[in-house]
Amino acid sequence: MLCRGIERAWSGGTPAWPVVVRPGAVEVRLLPLARPIRRRGTGSARRPVAVAGLVGAMFVALALATAARAQQDGRDLHAYWDGRCGYCHGDSADFARRTLGVEGGRLVGRHHRADLRPFLVNHYLDDALVEPVAAMLAAQVTARPVFRQSCSKCHDTAAEFARRSLASRDGRLVGVATGRAVAESLKQHGGLPAAEQAAMVGPLERVLRETGAR
């Protein structure tokens, strides 16, 4: 999730430096204090305490950013989107269906009709993830939201369900707990019509790959 929570360096109980941590980047915003911090009975500023607070805040920021980077390198595109893009754009599938389209094999947006990829390059995405994220969004534009409509009340999002409960074995999508093929399980679980059962497996396989599963 996007680290919107602000870690503050505290100097004598007064918040000094809000540190906004975003996956892949650390942004430290220095804001002026409402009043200088001084020792009681003296006019000297408590510089050692303030410096220690700033250093502590920076360590917190760097630690969280390092964890976020490790997650990105695992190529979990859904976690990456949630952390980097979700705060402004919401769920990736909702965003794709609401604002994007696929024309002539190209992912396009409302204001980027030629091709959305050049925009993505300059819009906070890591360079190595521009093509994978664009492919994910294009697939979400064209896929029917069967899982969300029929399964999400019990199984959360498709990405979370895939991370927790699915695996690919011998070219088949199977349940981690049972080892049973998902295509077979759907015949007895969920009450989906046969046509929608077949339509469910392919998107779940894609989502599992997008979460970084091998």
Side-chain angles (χ1 to χ4, degrees), residues 1-5 21-26 63-100 107 120 123-192 196-214:
M1 298 298 292
L2 177 65
C3 298
R4 292 295 297 178
V21 183
R22 298 176 183 276
V26 178
L64 290 173
T66 300
R69 172 64 63 184
Q71 184 181 60
Q72 292 170 23
D73 290 344
R75 294 293 180 91
D76 186 331
L77 301 181
H78 292 267
Y80 181 86
W81 175 278
D82 291 343
R84 180 59 66 89
C85 316
Y87 182 78
C88 293
H89 300 300
D91 177 77
S92 60
D94 286 343
F95 171 76
R97 296 184 183 108
R98 184 176 67 249
T99 66
L100 305 179
L107 182 68
L120 293 177
H123 196 65
Y124 306 114
L125 282 181
D126 285 358
D127 290 346
L129 293 180
V130 169
E131 289 299 326
V133 168
M136 178 184 75
L137 293 173
Q140 289 171 332
V141 169
T142 55
R144 291 177 51 231
V146 178
F147 186 92
R148 171 171 295 183
Q149 292 171 350
S150 303
C151 312
S152 61
K153 288 183 179 180
C154 295
H155 296 297
D156 206 340
T157 66
E160 185 58 36
F161 176 67
R163 292 186 198 105
R164 184 179 63 245
S165 303
L166 300 180
S168 180
R169 295 176 184 166
D170 299 324
R172 297 188 310 161
L173 186 67
V174 302
V176 170
T178 65
R180 189 180 184 190
V182 171
E184 293 299 316
S185 296
L186 286 173
K187 294 177 181 179
Q188 300 174 342
H189 177 80
L192 289 175
E196 291 194 352
Q197 292 175 23
M200 178 77 76
V201 176
L204 285 177
E205 289 175 333
R206 169 181 58 78
V207 170
L208 183 62
R209 290 193 301 270
E210 291 168 350
T211 63
R214 296 291 184 267

Main-chain N/O of [Y] paired with [X] side-chain donor or acceptor, under 3.5 Å:
{"X": "T99", "Y": "A96", "answer": "no"}
{"X": "S165", "Y": "A162", "answer": "no"}
{"X": "D76", "Y": "H78", "answer": "yes"}
{"X": "W81", "Y": "V133", "answer": "no"}

Got [X] and [Y] here, is their nearest side-chain heavy-atom distance under 4.5 Å?
{"X": "Q197", "Y": "V201", "result": "no"}
{"X": "Y80", "Y": "R75", "result": "no"}
{"X": "D82", "Y": "Y87", "result": "no"}
{"X": "P203", "Y": "V146", "result": "no"}
{"X": "L77", "Y": "R209", "result": "no"}
{"X": "R164", "Y": "E160", "result": "yes"}
{"X": "Q140", "Y": "R206", "result": "yes"}
{"X": "V174", "Y": "V182", "result": "no"}

When rounded to the nearest 0.5 angstrom, what distance separates [atom1] in [X] from [atom2] in [Y]?
{"X": "R84", "Y": "L129", "atom1": "CZ", "atom2": "CG", "result": "9.0 Å"}
{"X": "C85", "Y": "L125", "atom1": "SG", "atom2": "CG", "result": "5.5 Å"}
{"X": "L204", "Y": "F147", "atom1": "CG", "atom2": "CZ", "result": "6.0 Å"}
{"X": "L192", "Y": "S150", "atom1": "CG", "atom2": "OG", "result": "5.0 Å"}
{"X": "L120", "Y": "L107", "atom1": "CG", "atom2": "CG", "result": "7.0 Å"}

Q: Please report the C-alpha distance between S152 and T157 in whole Å, then the side-chain angles of each, then the deciding distance to 0.1 Å, and finally whether the side-chain contact (heavy atoms from CB on, under 4.5 Å) criterion is met.
A: CA-CA 6 Å; S152 61; T157 66; over 6 Å; no

Q. How about H189: does its NE2 atom have over 12 heavy atoms from other parts shown lying under 6.0 Å from it?
A. no

Q: Applying side-chain contact (heavy atoms from CB on, under 4.5 Å), run through R172 and R180 and close with a yes or a no.
A: CA-CA 9 Å; R172 297 188 310 161; R180 189 180 184 190; over 6 Å; no

Q) Would you call R148 and D91 a salt bridge, taking side-chain N to carboxylate O under 4.0 Å as the test? A) yes

